[in-house]
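Notes for the one structure printed next.
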Amino acid sequence: MGFSPVGVAPAGPPDHWAFYLDWLAKGYAGQMGYLGRNLDRRSHPEQVLPGARSVLCVGMNYDQEKGAPAVGKRPRGRISRYARGDDYHDLMTARLKRLLEWIQTLEPGVKGRVYVDTGPVLERDFAARAGIGWFGKHTNLIHKRSGSWFFLGEILLTAPLVSDRPVADHCGTCTLCMDACPTDAIPQPYVLDSNRCISYLTIELKGAIPRRYREKMGDWIYGCDVCQEVCPWNLKQARPAAEPALKAREGLDAPDLTALLAMDQTAFSRRFRGSPIKRAKRRGLLRNAAVAMGNRGTAADIPSLTAALSDAEPLVRGHAAWALGRIGGPAARRALSEACGSETDAAVRDEIGQAMDEIDRGTEPGGPRNRTREDP
């Protein structure tokens, strides 16, 4: 069924339950309130499946072959490798249900529950207990022969299967993932502060991206792979996914930011049907595209961002304003000034005002260097 690695864990309380509660208490979950719900169910598999005895844990590789380099002068963004193909939730859930049905033909009467990143189960905890990998300092599981580019899923079972053994931590003294994180989202080994993580900021955060993180996002518009890209275990062991459904869809290796920023709801729904990217919704993805355009900082992008100042979504308008402030120059200043006169949303007006102030400071004697540049 394409699952690898695979392991079995006993269905007892999660080994890191106290750590999880402390992580929530520190606010590291950000606005992901669902992670703090149903704590009684998360505390033991039997709260989800009465009589649970085993957890069958599976992985599925999603690594991508290196796509063709972007050509031409059009601005491009980056999407996390896991999100370039079809939605893994649908793919893996369907196969795990088939696997459960097969198990039930071998052991009639066995009950089971299937989950793929959607239920009250601490998946990485049980996968580590099942020997699928160890917790990397970036908090992803790492498998010695497969790296960390794999999804997790599990079947809770009432059958008492023979358990596998956990594997040792092989990170040693390496801190490459922590050192490489653009936003310092890994404050200490094995701890992730979601509030600072680019994946959280571009996917889970539904409102405005804090200004202090926008420049550090670079050209990431959905997710971020930096901590995994520098991991020696991925550089040594990772192999491209064999599953056709997980291979990158056309144009998602280096998506055209101009085209994304011009998408209406119909175009967004059509392009990202059956894709994980639909989770960000149109307003979230266009928000991210505007930030990436601002970080690119070319005058050629001013027309697209100016058009975005008229978008129906305040979230998009506000981040387009920030991007124009980053680019600077008379054309960007003029677009912001004209938009300010008709803008009714207070938060967007504030973004426009700050953007114009930044441009004005850049043109003052002794002010910051104007960032506008032309495409090479």
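When atom types are taken as modelled, the side chain of Arg349 and the backbone of Cys340 share a donor-acceptor pair closer than 3.5 angstrom. Remark: the backbone N or O of Ala292 is not paired with any side-chain donor or acceptor of Arg214 at under 3.5 angstrom. Looking at Ser148, its side chain never comes within 3.5 Å of a backbone N or O of Asn140 through a donor-acceptor pair. The backbone N or O of Trp102 lies less than 3.5 Å from a partner atom in the side chain of Thr105, making a donor-acceptor pair. With hydrogens and angles ignored, the 3.5 Å screen pairs a side-chain donor or acceptor of Asn288 with a backbone N or O of Thr202. Using modelled atom types, no side-chain atom of Arg165 and backbone atom of Ala130 make a donor-acceptor pair closer than 3.5 Å. The backbone N or O of His16 sits less than 3.5 Å from a side-chain atom of Asp125, completing a donor-acceptor pair. Proximity of a side-chain donor or acceptor of Asp225 to a complementary backbone N or O of Ser80 within less than 3.5 Å is not detected. No side-chain donor-acceptor contact under 3.5 Å links Arg113 to the backbone of Leu49. Remark: side-chain polar atoms of Arg283 are not paired, donor with acceptor, to backbone N or O of Leu315 under 3.5 angstrom.
Residues Tyr222 and Trp220 do not share a hydrophobic cluster, clusters being chains of Ile/Leu/Val/Met/Phe/Trp/Tyr side chains in contact below 4.5 Å. Note on Val58: it clusters hydrophobically with Tyr62, by side-chain heavy-atom contacts below 4.5 Å among ILVMFWY residues. In the hydrophobic clustering of this structure, Leu260 groups with Ile327; members are Ile, Leu, Val, Met, Phe, Trp, Tyr whose side-chain heavy atoms approach within less than 4.5 Å, directly or through other members. Tracing side-chain contacts under 4.5 Å through hydrophobic residues (I, L, V, M, F, W, Y), one reaches Ile203 starting from Met263; they form part of the same cluster. Under the 4.5 Å side-chain contact rule for hydrophobic residues, Met293 and Phe268 share a cluster.
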Checklist entry - Do Asn195 and Tyr213 pass the side-chain hydrogen bond (donor to acceptor under 3.5 Å, both in side chains) test, and can you show the C-alpha distance, the side-chain angles, and the key distance before you say yes or no? => result CA-CA 10 Å; Asn195 299 284; Tyr213 298 134; over 6 Å; no
Item to check | From CA spacing to verdict: side-chain hydrogen bond (donor to acceptor under 3.5 Å, both in side chains), Asp301, Ser304 | outcome: CA-CA 6 Å; Asp301 298 332; Ser304 294; 5.8 Å; no
Item to check | Steps toward side chain to side chain contact (heavy atoms under 4.5 Å, CB included) verdict (Ser199, Cys224) | outcome: CA-CA 5 Å; Ser199 283; Cys224 177; 4.0 Å; yes
Checklist entry - side chain to side chain contact (heavy atoms under 4.5 Å, CB included) between His138 and Ile186: does it pass, once the steps are laid out? => result CA-CA 7 Å; His138 49 30; Ile186 311 172; 4.0 Å; yes
Item to check | Intermediate values then yes/no, salt bridge (charged side-chain N to carboxylate O under 4.0 Å, His left out), Asp87 and Lys278 | outcome: CA-CA 9 Å; Asp87 195 327; Lys278 64 183 182 295; 2.9 Å; yes
Next on the checklist: For Leu24 and Tyr20: C-alpha separation, side-chain torsions, deciding distance, then whether side chain to side chain contact (heavy atoms under 4.5 Å, CB included) applies.
Outcome noted: CA-CA 6 Å; Leu24 290 172; Tyr20 182 68; 3.6 Å; yes
Next on the checklist: Between Tyr115 and Leu96, does the side chain to side chain contact (heavy atoms under 4.5 Å, CB included) criterion hold? Intermediate values first, please.
Outcome noted: CA-CA 8 Å; Tyr115 289 109; Leu96 284 172; over 6 Å; no
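Salt-bridge annotation for Arg317 and Asp311: absent, with no side-chain N of the basic residue lying under 4.0 Å from a carboxylate O of the acidic one. The pair Arg296-Asp219 fails the salt-bridge criterion, with no side-chain N (NZ, NE, NH1 or NH2) lying under 4.0 Å from an Asp/Glu carboxylate O. Look at Lys111 and Glu46 and you find no salt bridge, because none of the NZ, NE, NH1 or NH2 atoms lies under 4.0 Å from a carboxylate O. At a threshold of 4.0 Å, the pair Asp86-Lys247 does not count as salt-bridged, since none of the basic side-chain nitrogens sits closer than that to a carboxylate oxygen. Between Arg84 and Asp253 there is a salt bridge, with a side-chain nitrogen of the basic residue lying less than 4.0 Å from a carboxylate oxygen of the acidic one.
Across Ala320 and Leu305, no two heavy atoms sit closer than the pair CB-O, 3.8 Å. Closest non-hydrogen pair, Pro14 versus Arg42, comes out as CG-O, 3.6 Å. Looking at every heavy atom in both residues, Arg287 comes nearest to Val316 through N-CG2, 4.3 Å. In plain terms, the two heavy atoms of Gln31 and Lys206 that are nearest each other are OE1-N, 4.2 Å. The minimum heavy-atom distance linking Leu35 with Ala29 is given by the pair CD1-CB, 4.1 Å. Taking each heavy atom of Gly136 and Ile142 in turn, the nearest pair found is CA-CD1, 3.7 Å.
Counted within 6.0 Å of NZ on Lys281, heavy atoms from surrounding residues, nucleotides or ligands total 12 or fewer; the atom is thus considered open. Atom CZ of Arg271 is surrounded by more than 12 heavy atoms from other residues, nucleotides or ligands within 6.0 Å.
Atom CD in Glu351 sits 10.0 Å away from atom CG in Asp345 (nearest 0.5 Å). To the nearest 0.5 Å, the span separating OG1 on Thr139 from CZ on Phe135 amounts to 8.5 Å. Here the CZ-CD1 distance, from Arg282 to Ile277, works out to 15.0 Å after rounding to the nearest 0.5 Å. Taken to the nearest 0.5 Å, the CD atom of Glu123 stands 10.0 Å off from the CG atom of Leu141. If you take CD1 on Ile79 and CG on Leu252, they are separated by 4.5 Å, rounding to the nearest 0.5 Å. Between the OG1 atom in Thr183 and the CG atom in Asp193 there is a gap of 8.5 Å [rounded to 0.5 Å].
Side chains of Asp117 and Tyr88: a donor-acceptor N/O pair is present below 3.5 angstrom, by distance only. Checked by atom type, the side-chain pair Ser43/Asp40 shows no donor-acceptor distance below 3.5 Å. Side-chain contact of Asp63 with Tyr82: a donor-acceptor pair under 3.5 Å is absent, judged by distance alone. In the model, Ser269 has a side-chain atom that pairs as donor or acceptor with a side-chain atom of Gln265 under 3.5 Å.
With contacts defined as side-chain heavy-atom distances shorter than 4.5 Å, the pair Asp360/Arg333 qualifies. No side-chain heavy atom of Met60 sits less than 4.5 Å from a side-chain heavy atom of Ser4. Counting only heavy atoms from C-beta outward, the side chains of Asn234 and Glu229 never approach each other to under 4.5 Å. Counting heavy atoms from C-beta on, the side chains of Ser163 and Pro10 come closer than 4.5 Å. You'll find the side chain of Leu201 reaches within 4.5 Å of the side chain of Pro210, heavy atoms only. A heavy-atom distance below 4.5 Å is found between the side chains of Leu91 and Leu246. Counting heavy atoms from C-beta outward, Val8 and Cys57 have side chains that stay 4.5 Å or more apart. Looking at heavy atoms from C-beta onward, Ile352 lies in side-chain contact with Glu343 at the 4.5 angstrom threshold.
Taking the centre of each ring, Phe151 and His89 stay at or above the 6.0 Å mark. Under the 6.0 Å cut-off for aromatic ring centres, Trp149 and Trp233 do not qualify, their centroids lying 6.0 Å or more apart.
Stacking of Lys26 on the aromatic ring of Trp23 is not recorded, the 6.0 Å distance cut-off and the 45° axial limit not both being met.
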